Structure formats: structure tokens, C-alpha cells
**Student:** 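A single structure is presented below for examination.
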Amino acid sequence: MSTTNPATDVLRSGYQRSVAEYWNNNPNDDRVNVVLGEIDGLYHHHYGIGAIDPSVREGSEDDRDTRIINELHRLETAQADLLLDQLGDISPDDHLLDAGSGRGATSFMAHQRFGCQVDGVTISEYQVGFANDQAAQRGVSDEVRFHFRNMLDTGFGTATRRGIWTNETTMYVDLFELYAEVARQLQFGGRYVCITGCYNDVTGRSQAVREIDEHYTCNIHPRSEYFNALAANNLAPINVTDLTPQTIPYWELRETCSLATGIEDPFLRGYREGSFQYLLIVADRIAD
Ligand code: GPP
Ligand code: MG
């Protein structure tokens, strides 16, 4: 296993440097992540799923915004729970990898659920520092560790992982490169779980998708590319779910929140017109 990598080793292209720069100094309004994270210390960098509790909209107007903020956070935590549900039987002796770990919330939830070691990698040094501080505050620094490493070349050992996930991070990388690295690290029978936004090959890349790419400095892939890249790397899908209908209520609620960032409209347009899709993909590592 490699030890600390200098930034030149981790950030290997101008594009990767610009992505790191984005997440080190989020140029968009980050309050939607920080204020939600302060509710219970789980700082998510992904969206939510599930039905809205009707009392959020019905109650008194004075604290409606607070109720909306709490509800958005609950739906984001539900998204991470759904992702972790897909990992199958994980024992305390297993090792998991969070590829693109953000501020660490999905990793902490995984450790809490399975009691196993979790490593997170991110190319944002800010996020590594934030998430490791969180681990220290939680008293889990020996079990949940965050590293300044590139998910395309993590330095972790071959066939060392029982499970690997990407929670809304694949739009920053080449999928063929990523899945080669995922397959290398997974044990035979190990599981990969992905939640992502992809564009619909049938409609093509829409204006809404272009606006989302520009907002986050990312490059949303077509749906087909996921399956081509999985098949090319000995990763066999076992479950594919279109989560679009389950995420639209989150975006409708977020649009009415004081913490809305302006990206709500492209997401809702893309989802409603069918050009953008929120997808869960679960795959097993099969033999070479
Ligand atoms: C992270 O969420 C968003 C991304 C990693 C990029 C795009 C994702 C797609 C599904 C296309 P965030 O919580 O940092 O975003 P926001 O600040 O808008 O809540
Ligand atoms: Mg967010």
C-alpha cells in the first residue's frame, strides 16, 4: 500500500485539478450541505429519496423552513441507507471503500451499520481534513479513515475489499478506468454499489444536463456507458433501479427551501422531461 501521495501524484490532469479546486473552495452556496449536516453531524454530498412527510408543509409558517431543512436531511440520509442496503452481508472483518467520500457521511453510516473498517478517498484535501476531523470527534479514527487519493488509482491492495460504492461521484471520472480499479480491489463475489445521475441515451444530452455539468464542473455520462464499462471489467449487475420518481419529491421540496441554490430547476426539468435519470446500480465482481 502506498503512503501519502504528493498532490502531483493524486491530481493527474488539469481537469482533476479543477475538480479538486471546486471541492476545496465550493464556489456554489455550500450552506445547503453545512446547515443540513449540523442537524446530526452527518454531512452529506448527495441528494434525497422518498416521500415527503405531509406535516412539513401543513404546519405553522413560522418554522416551516426549519421543518423543510430537517426533511431534506432525512431524505438524504434515506438515500445513503438505501445504498448501504445493497451491500449484502458485511461482517466486522470486512473492508469497504467509499470512492469519492466527500465529508464522510456515507462512510460513517456504513461503519455504524456493519462495524467494519471503511476507507474513503477524495481528491479534495479540504474534504479529507473535514472527514478525518469528524472521525476523531466520533471516536472512530482507527476504523474510518479518509485519504487524499484518486479513486482511479487508490494504492489499496488487490482483492482486499468486500464492498465498494460511489455515491454521486462517477460523473467526475472515466467509467472504464474507474471500474478497472473497482474490479481490481474487489474480492471475487464482492459488491459494487453506485447511485448516480446519468443522461438518457434515448433523448441525448439535454440543456438541463449541460446546466448541471456546468454547475458542478462534472461530466454526466450516458446511461449506456455504465453498463458497457461494468461488462468490460467483470462486474455483473444484479439490481438496477430507476430512482427518478423517488427523488423528484426531494427536489420539489428543496425548491421551496431558503437554502435552494438555483440548481433545482435544471434537475426538475431534466427529470420531468426524461433526459436525466437518477439510477441505482448494484453489481457483483465475477471471475476474470
Ligand atoms: C453533490 O451533491 C453533487 C455532485 C457530486 C455532482 C452532481 C451529481 C449528479 C447526480 C449529477 P452536493 O450535496 O454537494 O450538492 P448541493 O450543494 O447542490 O447540495
Ligand atoms: Mg447537498
Side-chain angles (χ1 to χ4, degrees), residues 19 22-23 25-40 42-59 61 63-83 100 102-103 105-106 127 166-172 194-200 203-223 241-280:
V19 172
Y22 176 95
W23 289 104
N25 309 287
N26 194 335
N28 295 310
D29 189 348
D30 197 31
R31 283 179 313 148
V32 70
N33 303 312
V34 174
V35 174
L36 270 61
E38 284 167 354
I39 293 170
D40 63 1
L42 287 172
Y43 291 78
H44 297 297
H45 276 287
H46 56 258
Y47 312 120
I49 52 159
I52 310 288
D53 177 345
S55 70
V56 170
R57 289 190 174 109
E58 284 159 8
E61 206 162 308
D63 57 356
R64 183 172 298 153
D65 199 47
T66 306
R67 290 198 305 279
I68 291 174
I69 288 168
N70 284 324
E71 184 70 348
L72 291 173
H73 185 63
R74 184 181 72 79
L75 299 176
E76 291 184 1
T77 299
Q79 188 265 25
D81 267 323
L82 175 74
L83 185 154
R103 285 179 163 120
T106 311
Q127 289 184 334
T166 50
N167 197 353
E168 295 183 16
T169 59
T170 49
M171 56 290 297
Y172 287 108
C194 170
I195 296 184
T196 191
C198 60
Y199 81 78
N200 184 354
T203 62
R205 182 183 286 275
S206 64
Q207 176 61 24
V209 167
R210 279 194 285 272
E211 287 170 38
I212 296 167
D213 274 347
E214 197 176 331
H215 182 87
Y216 293 106
T217 321
C218 66
N219 176 31
I220 292 166
H221 304 293
R223 173 157 40 100
T241 308
D242 181 3
L243 297 175
T244 307
Q246 294 181 57
T247 195
I248 286 179
Y250 165 88
W251 287 100
E252 288 173 339
L253 188 65
R254 179 165 152 159
E255 199 173 37
T256 69
C257 181
S258 66
L259 300 175
T261 62
I263 199 60
E264 294 75 18
D265 177 62
F267 269 84
L268 282 168
R269 248 189 298 133
Y271 285 145
R272 287 174 179 152
E273 75 190 9
S275 68
F276 184 55
Q277 298 168 322
Y278 198 47
L279 215 62
L280 167 74

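Computation of the quantities below employed the complete heavy-atom set of this structure, encompassing side-chain atoms and omitting hydrogens, waters and symmetry-equivalent molecules. The model shown is predicted, which means the values in this text are computed figures rather than measured ones.
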**Student:** Check side-chain hydrogen bond (donor to acceptor under 3.5 Å, both in side chains) between Ser258 and all other residues, then give those that pass, not counting sequence neighbours.
**Tutor:** Asp65

**Student:** Please tell me if the side chains of Ile49 and Tyr250 come closer than 4.5 Å, counting only heavy atoms from C-beta onward.
**Tutor:** no

**Student:** Pairing donors with acceptors under 3.5 angstrom, does anything connect the side chains of Asn28 and Tyr216?
**Tutor:** no

**Student:** Name all residues meeting the ring pair (Phe, Tyr, Trp, His ring centres under 6.0 Å) criterion together with Tyr43; count only those two or more places apart in sequence or in a different chain, and write none if there are none.
**Tutor:** Phe130

**Student:** Once you round to the nearest 0.5 Å, how far does CZ of Arg31 lie from CD1 of Ile69?
**Tutor:** 8.5 Å

**Student:** Given 3.5 Å as the limit, does a donor-acceptor pair link the side chain of Ser206 with the main chain of Val209, or not?
**Tutor:** yes

**Student:** Is it true that Ser275 and Thr203 share a donor-acceptor pair across their side chains at a distance under 3.5 Å?
**Tutor:** no

**Student:** When you check the gap from the basic side-chain N to the acidic O, do Asp40 and Arg74 get nearer than 4.0 Å?
**Tutor:** no

**Student:** Do Thr261 and Arg254 get their side chains close enough for a donor-acceptor pair, meaning under 3.5 Å?
**Tutor:** yes

**Student:** Could you give the distance from OG1 (Thr77) to CG (Leu82), rounded to the nearest 0.5 Å?
**Tutor:** 12.5 Å

**Student:** Are the side chains of His45 and Asp30 in touch, meaning some heavy atoms are under 4.5 Å apart?
**Tutor:** yes

**Student:** Thr196 pairs by side-chain contact (heavy atoms from CB on, under 4.5 Å) with which of Leu280, Thr170, Thr169, Leu243?
**Tutor:** Thr170

**Student:** Could you tell me whether the side chain of His215 reaches within less than 4.5 Å of the side chain of Pro266, counting heavy atoms only?
**Tutor:** no

**Student:** Quick one: pull up CG in Asp53 and CD1 in Ile68 and give me the separation to the nearest 0.5 Å.
**Tutor:** 12.0 Å

**Student:** For Tyr47, what residues pass the ring pair (Phe, Tyr, Trp, His ring centres under 6.0 Å) criterion, not counting sequence neighbours?
**Tutor:** Trp251, Phe267

**Student:** Are the side chain of Arg103 and the backbone N or O of Gln127 linked by a donor-acceptor pair below 3.5 Å?
**Tutor:** no

**Student:** Testing the 3.5 Å rule here: is there a donor-acceptor pair between the side chains of His44 and Asn33?
**Tutor:** no

**Student:** Around atom CD of Glu214, are there more than 12 heavy atoms of other residues, nucleotides or ligands at under 6.0 Å?
**Tutor:** no

**Student:** With rounding to the nearest 0.5 Å, note down the distance linking OH in Tyr278 to OG1 in Thr244.
**Tutor:** 9.5 Å

**Student:** Answer whether the closest heavy-atom distance between the side chains of His221 and Cys198 falls below 4.5 Å.
**Tutor:** no

**Student:** What about the rings of Tyr199 and Phe276, do their centers lie closer together than 6.0 Å?
**Tutor:** no

**Student:** Would a 4.5 Å heavy-atom cut-off, applied to side chains only, mark Leu36 and Glu76 as touching?
**Tutor:** yes

**Student:** Would you say that Ile39 contacts His73 through its side chain, given a criterion of any heavy-atom pair below 4.5 Å between the two side chains?
**Tutor:** yes

**Student:** Side chains of Glu264 and Glu252, heavy atoms from C-beta outward: is any pair under 4.5 Å?
**Tutor:** no

**Student:** Any non-hydrogen side-chain atom of Ile212 less than 4.5 Å from a side-chain atom of Ile220?
**Tutor:** yes

